Amino acid sequence: MKANVVRIGNSRGVRIPKAILELVGLGDQVEIQVRGSQLLIQSARHPRAGWDNAFAAMARHGDDTLLDPLAPTKWDASEWRW
């Protein structure tokens with residue numbers, strides 16, 4: 001498919017047909033990368049996407065414990081007030 005590059009203020013843009021947007025799952029935000037002479041447009045990733053599932057899997061495998069044991073410090077004994 002060919003498309004025209006259109007002027008949008010001082011920038012330029014390409015109109016992407018709705019059918020293509022739905023086919024590839026592009027939403028309102030995208031990430032744009034340049035790879036050589038190619039322009040790659042993909043759905044924006046969410047930094048914490050999938051964390052809920054990863055934490056649940058860790059809990060199922062018993063891998064969600066602290067690495068260092070909890071040990072009271074001098075400050076806890078002398079300064080901390082309830």
Side-chain angles (χ1 to χ4, degrees):
M1 165 184 270
K2 290 187 179 183
N4 292 325
V5 178
V6 296
R7 189 167 294 280
I8 304 172
N10 289 333
S11 299
R12 306 197 74 198
V14 176
R15 292 187 185 107
I16 304 171
K18 181 180 178 183
I20 292 177
L21 293 173
E22 291 174 350
L23 183 66
V24 298
L26 285 181
D28 290 335
Q29 288 190 334
V30 297
E31 292 183 8
I32 302 172
Q33 297 178 19
V34 176
R35 292 190 180 171
S37 63
Q38 296 180 337
L39 186 64
L40 174 65
I41 301 172
Q42 61 188 21
S43 293
R45 289 174 271 156
H46 300 284
R48 292 173 185 85
W51 280 22
D52 291 346
N53 294 334
F55 291 146
M58 287 174 64
R60 280 193 306 275
H61 294 101
D63 195 22
D64 60 342
T65 59
L66 294 174
L67 297 176
D68 297 324
L70 291 176
T73 65
K74 291 179 187 177
W75 184 89
D76 292 326
S78 64
E79 300 290 329
W80 179 251
R81 302 276 185 246
W82 288 97

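These values consider heavy atoms only, across backbone and side chains, with no hydrogens, waters or symmetry-generated copies. For clarity, every value in this text was computed on a predicted model and none was experimentally measured.
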Please indicate whether [X] has more than 12 foreign heavy atoms, meaning atoms of other residues, nucleotides or ligands, lying under 6.0 Å from its [atom1].
X     : atom1 : result
Trp75 : CH2   : yes
Gln29 : CD    : no
Gln33 : CD    : yes

Heavy-atom closest contact ([X] atom, [Y] atom, distance):
X     : Y     : value
Leu26 : Gln42 : CD2-C, 3.6 Å
Asp76 : Ala71 : OD2-O, 4.4 Å
Gly25 : Ser43 : O-OG, 2.9 Å

Side-chain donor/acceptor pairs under 3.5 Å, residues 54-69, sequence neighbours excluded:
| residue | atom | partner | partner atom | Å |
| --- | --- | --- | --- | --- |
| His61 | ND1 | Ala57 | O | 2.7 |

Are Ile8 and Val14 co-members of a hydrophobic cluster defined by side-chain heavy atoms under 4.5 Å apart?
no
Are Leu21 and Leu39 in one and the same hydrophobic cluster, where Ile, Leu, Val, Met, Phe, Trp and Tyr link if side-chain heavy atoms are under 4.5 Å apart?
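Yes, because Leu21 and Leu39 connect within a single hydrophobic cluster, where side-chain heavy atoms sit under 4.5 Å apart.
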Do Ile32 and Leu40 have side chains that get closer than 4.5 Å, going by heavy atoms?
no
Taking salt bridge (Lys or Arg N to Asp or Glu O under 4.0 Å) as the definition, give me every residue that meets it alongside Glu79, ordered by chain and number, with sequence neighbours left out.
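Per chain and number, Glu79 pairs via salt bridge (Lys or Arg N to Asp or Glu O under 4.0 Å) with no residue.
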Quick check for you: to the nearest 0.5 Å, what is the distance between Arg12 atom CZ and Asn4 atom CG?
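Going from CZ on Arg12 over to CG on Asn4, the span is 10.0 Å.
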Distance in Å, Ile16 CD1 paired with Met1 CE, rounded so as to fall on 0.5 Å steps
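The distance works out to 10.5 Å.
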